[in-house]
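When reading the values below, keep in mind they use all heavy atoms of this one structure, side chains included, and skip hydrogens, waters and symmetry mates. Along the sequence shown, residues carry numbers from 1.
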Amino acid sequence: ESRSDYRHLIEKASDIVFRADLRGNFMYVNPVAVQLTGFSSEELLSMRYTELVAEHHVDRVASFYREQFRERLASTYLEFQFKAKNNDLLWVGQNLQLIEEDGNVVGFQGIARDITTLKLAQSAVNRSQAIQSAMLEGALDAIISMDETGHVIEFNPAAEQTFGYSLEEAFGKLLSEMIIPEDLRAAHRAGVNRLLATRQPKLIGQRIEVPALHKEGYTFPIELTLTEIQTSDGVQFTAFARDITKQKESQEALEAARA
């Protein structure tokens with residue numbers, strides 16, 4: 001009865017469950033294997049597992065499981081793509097165990113879960129992060145992000161060049177203690193506190209000119225735009241800053257010439 005209950009459990013499982021001999025020939029497949037691959041049970045039982053593996057994954061998968069057999073690893077986990085009967089490519093995460101009889105390995109049994117949706121989501125996140133990283137790295141403007149306490153969490157290469165601090169030096173530091181002139185820090189802190197308390201920003205989205213402090217101790221004019229983003233970790237502020245020293249000097253020279 002327990003064997004019957006076990007078989008019923010496997011038949012009702014939501015993951016692929018299978019057994020294969022040492023040559024990789026399927027000896028048993030459950031209904032989910034039929035459902036996901038599109039092959040009938042009879043077709044699958046006439047196939048080797050490598051016939052399902054996507055071509056560009058075959059060598060890696062075969063090598064991985066040869067190593068499992070050679071090293072007598074009782075259980076392993078591997079993610080790879082397989083090709084369904086309609087040629088769709090699906091990602092699976094597979095746990096594979098050795099089947100032993102009288103101390104000899106006689107086959108494999110595995111449970112494979114469809115992780116296609118998860119892989120697509122991970123890929124989308126990775127693409128988004130890659131695009132964001134490229135934009136930060138290539139931006140001409142200084143881009144500085146900080147959490148709601150004012151501590152720096154992003155400091156792009158243009159910010160390093162503009163203010164003289166490296167990312168390592170800036171990360172985790174209070175922005176107000178780094179690039180805001182000392183005589184303006186109290187006003188800055190008051191503005192941040194007001195923003196967090198009232199949620200009515202005066203400067204968000206506006207382009208303003210303010211003095212900034214360089215690591216070397218001198219001040220210079222910057223053009224600044226501040227944005228606010230609500231994240232799962234709380235409020236995040238991002239400042240876009242541009243050194244306008246040359247622009248101001250040119251403007252002053254032009255005004256002097258007109259005088």
Go through the steps to decide whether Phe82 and Val92 satisfy the test side chain to side chain contact (heavy atoms under 4.5 Å, CB included), and finish with yes or no.
CA-CA 7 Å; Phe82 75 78; Val92 293; 3.1 Å; yes
Do Gln94 and Tyr49 have a side chain donor and acceptor closer than 3.5 Å?
no
Residues Glu249, Lys246: salt bridge by 4.0 Å N-O rule:
no
Ile153 backbone acceptor or donor facing Ser145 side chain under 3.5 Å:
no
So, are Arg189 and Glu177 salt-bridged, with charged N and O less than 4.0 Å apart?
yes
Side chain to side chain donor-acceptor pair (under 3.5 Å) involving Lys85 - partner list, sequence neighbours excluded
Glu43
For Ala159 and Ala142, work out which heavy atoms get closest and say how close.
CA-CB, 3.5 Å
What heavy-atom pair brings Gly164 and Lys215 nearest, and what distance separates the two atoms?
O-CD, 3.2 Å
Side chains of Arg19 and Phe26 in contact at under 4.5 Å (non-hydrogen atoms):
no
Would you check if there is a donor-acceptor pair between the side chains of Asp102 and Asn104 at a distance under 3.5 Å?
no
Where do Thr219 and Leu213 come nearest, in terms of heavy atoms and distance?
CG2-CD1, 4.1 Å
Output the distance between atom CZ (Phe237) and atom CG (Leu226), rounded to the nearest 0.5 Å.
7.0 Å
Non-hydrogen atoms of Leu224 and Ala239 that approach each other most closely:
CD1-CB, 3.6 Å
Arg60 side, atom CZ; Gln81 side, atom CD - distance, nearest 0.5 Å
9.0 Å
Thr76 and Gln68 side chains, donor-acceptor separation under 3.5 Å
yes
Kindly work out whether a path of hydrophobic side-chain contacts (I/L/V/M/F/W/Y, heavy atoms less than 4.5 Å apart) joins Val61 to Leu22.
yes
Same apolar cluster (I L V M F W Y, side chains within < 4.5 Å links), Phe39/Leu89
no
Should Ile208 and Ile222 be counted in the same cluster of Ile, Leu, Val, Met, Phe, Trp and Tyr side chains packed under 4.5 Å apart?
yes
From Phe80 atom CZ to Leu52 atom CG, the distance as rounded to the nearest 0.5 Å
8.5 Å
Phe171 reachable from Leu174 in the ILVMFWY side-chain graph, under 4.5 Å edges:
no
Applying a strict under-4.5 Å side-chain criterion to I, L, V, M, F, W and Y, I'd like to know whether Leu45 and Val53 cluster together.
yes
Are Glu169 and Ser166 close enough that some pair of their side-chain heavy atoms sits under 4.5 Å apart?
yes
Considering only heavy atoms from C-beta outward, does the side chain of Tyr77 approach that of Leu96 to under 4.5 Å?
no
Side-chain heavy-atom pair Tyr165, His214 within 4.5 angstrom cut-off:
no
With side chains defined as the heavy atoms from C-beta onward, is the minimum distance between Leu78 and Tyr65 less than 4.5 Å?
yes
Test side chain to side chain contact (heavy atoms under 4.5 Å, CB included) applied to Leu44 and Val34, step by step:
CA-CA 8 Å; Leu44 288 171; Val34 173; 4.2 Å; yes
ring-ring contact (aromatic ring centres under 6.0 Å, His included) partners of residues 88-120, not counting sequence neighbours, each pair once
His57-Trp91
Taking atom OG1 of Thr50 and atom CD of Glu55, what is their separation to the nearest 0.5 Å?
11.5 Å
What pair of heavy atoms forms the shortest contact from Phe18 to Val29, and how long is it?
CB-CG1, 4.2 Å
Counting only heavy atoms not in Lys173, do more than 12 fall under 6.0 Å of its NZ?
yes
Ignoring hydrogens, what is the shortest heavy-atom contact between Asp15 and Asn30? Give both atom names and the distance.
O-ND2, 2.9 Å
Arg185 side chain vs Ser176 backbone, donor-acceptor pair below 3.5 Å
yes
So, do Met146 and His151 sit near enough that their side-chain heavy atoms are less than 4.5 Å apart?
no
Begin with the C-alpha distance, continue with both residues' side-chain angles, and end with the deciding distance and a verdict on side chain to side chain contact (heavy atoms under 4.5 Å, CB included) for Glu100 and Val106.
CA-CA 6 Å; Glu100 295 191 31; Val106 297; over 6 Å; no
Any non-hydrogen side-chain atom of Ile115 less than 4.5 Å from a side-chain atom of Glu79?
yes
Check the pair Phe155, Met178 against side chain to side chain contact (heavy atoms under 4.5 Å, CB included), reporting the backbone distance first and the verdict last.
CA-CA 12 Å; Phe155 206 76; Met178 292 173 49; 4.3 Å; yes
Heavy-atom donor-acceptor pair, Glu51 side chain to Arg48 backbone, under 3.5 Å
yes
Return the CD1 to CG distance between Ile144 and Asn156, rounded to the nearest 0.5 Å.
8.0 Å
Compare all side-chain heavy atoms of Ser14 with those of Val32 and state whether any distance is below 4.5 angstrom.
no
Spacing of Glu67 atom CD and Leu73 atom CG [to the nearest 0.5 Å]:
7.0 Å
Are the side chain of Gln236 and the backbone N or O of Glu228 linked by a donor-acceptor pair below 3.5 Å?
no
With sequence neighbours excluded, residues passing side chain to side chain donor-acceptor pair (under 3.5 Å) with Thr37:
none
